[in-house]
Amino acid sequence: MSINPRATLIGGIFAIISMIVGTICTLGALVQYTMFPLRGLPVSFLPYPLPIINTGFSIWYQAISELGIGPSAFLFNVGLMILGFLILPIFPALLGPLRNSIIAKIGTVSGIVTCIGIIGVGLAPMAISPLHGTFGTVFFISVGITVFLLSYAMVQGEFFSKAIAVYGFSFVAVDLIFMIVSNSIWEWTVFFVLITWILFVGIQMLLKRNVTKV
């Protein structure tokens, strides 16, 4: 089956750029949050977080979304919205290398839903918008489905390394564990594994950008 090398190149570029942006915005927000003297404390019966003395951010007990309500709110929330749009071009670019299979097409649709979830989390910060939980749930469910389907399509094809597919399946396991235990450490694990998986996909797309047949 013929594939468009330009589409592969664009998909690879967006995969790498989006993950660089996502990493900088998230880790940058983490640093910014830690350095500020005050932070927001979510209180269920209050419409906005309560300002308290900032003792630093801990991945051991604080969810990633808390970066969206503290001193790092602007960088984190705007970064998520930008990230959601940057990830979008990756999915149609994957259809060619994955032979336009029905599994890849379903994974592409699910990937678009994942992007909507990412953008929604940025638009509806934790403890401020009641929609935050909905968008968060949409993201974690759809991203697990997306990575599973695309990894399965990778196993069936020859364009991507089987190691990338296996790593994708490991992400799905981590994502499931997080949704079951709702532990912040597992949420941060989801973040780092997803970032590296998309980077690996993008790098392989760039390395094989001149392939025209699969």
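Index from 1, following the sequence.
- Not counting sequence neighbours, the partners of Ile16 by the side-chain contact (heavy atoms from CB on, under 4.5 Å) test are Ile20, Leu199, Ile203, Leu206.
- Atom SG of residue Cys25 and atom CG of residue Asn77 lie 10.5 Å apart, to the nearest 0.5 angstrom.
- Partners of Val109 by side-chain contact (heavy atoms from CB on, under 4.5 Å), not counting sequence neighbours: none found.
- Scanning all heavy atoms of the two residues, the minimum distance from Leu86 to Ile90 falls at O-CG1, 4.4 Å.
- Judged as a ring-ring contact (aromatic ring centres under 6.0 Å, His included), not a single pair has a partner in residues 66-104 (not counting sequence neighbours).
- Of the possible donor and acceptor atoms, one in the side chain of Ser184 sits under 3.5 Å from a partner among the backbone N and O of Trp60.
- To the nearest 0.5 angstrom, Leu123 atom CG is 11.5 Å from Ile116 atom CD1.
- Atom CD1 of Ile118 is separated from atom CG of Leu80 by 7.5 Å, given to the nearest 0.5 angstrom.
- Residue pairs satisfying the ring-ring contact (aromatic ring centres under 6.0 Å, His included) criterion with at least one member in residues 112-146, sequence neighbours excluded, are listed as follows: Phe140-Phe178.
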Inset, instruction - Please report the C-alpha distance between Met19 and Leu83 in whole Å, then the side-chain angles of each, then the deciding distance to 0.1 Å, and finally whether the side chain to side chain contact (heavy atoms under 4.5 Å, CB included) criterion is met. - result: CA-CA 8 Å; Met19 292 305 98; Leu83 177 63; 3.9 Å; yes
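- The cluster map of Ile, Leu, Val, Met, Phe, Trp and Tyr, joined by side-chain heavy atoms under 4.5 Å apart, puts Ile24 and Phe57 in the same cluster.
- Residues Met205 and Leu9 form no side-chain contact, since every pair of their non-hydrogen atoms from C-beta on lies 4.5 Å or further apart.
- Under the 4.5 Å side-chain heavy-atom criterion for grouping Ile, Leu, Val, Met, Phe, Trp and Tyr, Trp188 is connected to Ile198 within one hydrophobic cluster.
- Looking at every heavy atom in both residues, Ser101 comes nearest to Ala153 through OG-CB, 4.1 Å.
- Between Ser151 and Gly168, the closest heavy-atom pair is OG-CA, 3.4 Å.
- Rounded to the nearest 0.5 Å, atoms CG (Asn210) and CG (Leu207) are 10.5 Å apart.
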Inset, instruction - Begin with the C-alpha distance, continue with both residues' side-chain angles, and end with the deciding distance and a verdict on side chain to side chain contact (heavy atoms under 4.5 Å, CB included) for Glu187 and Ile59. - result: CA-CA 9 Å; Glu187 184 181 24; Ile59 65 174; over 6 Å; no
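- Formation of a donor-acceptor pair under 3.5 Å by the Ser110 side chain with backbone atoms of Ile106 is not found in this model.
- Not a single donor-acceptor pair under 3.5 Å links the side chain of Ser129 to the backbone N or O of Ala124.
- Residues Glu158 and Lys213 fail the side-chain proximity criterion, which asks for heavy atoms closer than 4.5 Å.
- Of the possible donor and acceptor atoms, one in the side chain of Ser72 sits under 3.5 Å from a partner among the backbone N and O of Leu67.
- Taking all atoms of both residues into account, the shortest heavy-atom contact from Lys208 to Thr8 is O-CG2, 4.3 Å.
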Inset, instruction - Just do the side chain to side chain contact (heavy atoms under 4.5 Å, CB included) check on Phe160 and Leu98 with the steps written out, would you? - result: CA-CA 8 Å; Phe160 288 99; Leu98 296 179; 3.8 Å; yes
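- Side-chain atoms of Tyr33 and Gln62 form a donor-acceptor pair, as typed in the model, at a separation below 3.5 Å.
- Between Thr26 atom OG1 and Ile64 atom CD1 the span is 7.0 Å, to the nearest 0.5 Å.
- Summarising the geometry of Thr34 relative to Leu30, their closest heavy-atom pair is OG1-O, 2.8 Å, with the distance given to 0.1 Å.
- Met154 and Ala165 get closest at one heavy-atom pair: CB-CB, 4.0 Å.
- Between atom CG of residue Leu94 and atom CD1 of residue Ile3 there is a gap of 10.5 Å, rounded to the nearest 0.5 Å.
- Taking the ring-ring contact (aromatic ring centres under 6.0 Å, His included) definition, one finds that Phe169 meets it with Phe148, sequence neighbours left out.
- Under a hydrophobic-cluster definition in which Ile, Leu, Val, Met, Phe, Trp and Tyr are linked whenever side-chain heavy atoms come within less than 4.5 Å, directly or via other members, Leu95 and Val113 are assigned to different clusters.
- If you chain together hydrophobic residues whose side chains sit under 4.5 Å apart, Ile145 and Leu88 fall into the same group.
- Atom CZ of Phe14 is surrounded by 12 or fewer heavy atoms from other residues, nucleotides or ligands within 6.0 Å.
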Inset, instruction - Report the C-alpha distance between Val201 and Ile164 in whole Å, list the side-chain angles of each, state the deciding distance to 0.1 Å, and finish with yes or no for side chain to side chain contact (heavy atoms under 4.5 Å, CB included). - result: CA-CA 7 Å; Val201 170; Ile164 293 179; 3.8 Å; yes
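- For Gln156, the CD atom counts as densely surrounded, since its 6.0 Å shell holds more than 12 non-hydrogen atoms of other residues, nucleotides or ligands.
- Val181 and Leu194 fall within the same hydrophobic cluster, where Ile, Leu, Val, Met, Phe, Trp and Tyr residues are linked whenever their side-chain heavy atoms come under 4.5 Å apart, directly or through other members.
- Residues meeting the side-chain contact (heavy atoms from CB on, under 4.5 Å) test with Tyr167, sequence neighbours left out: Ser170, Val193, Thr196, Trp197, Phe200.
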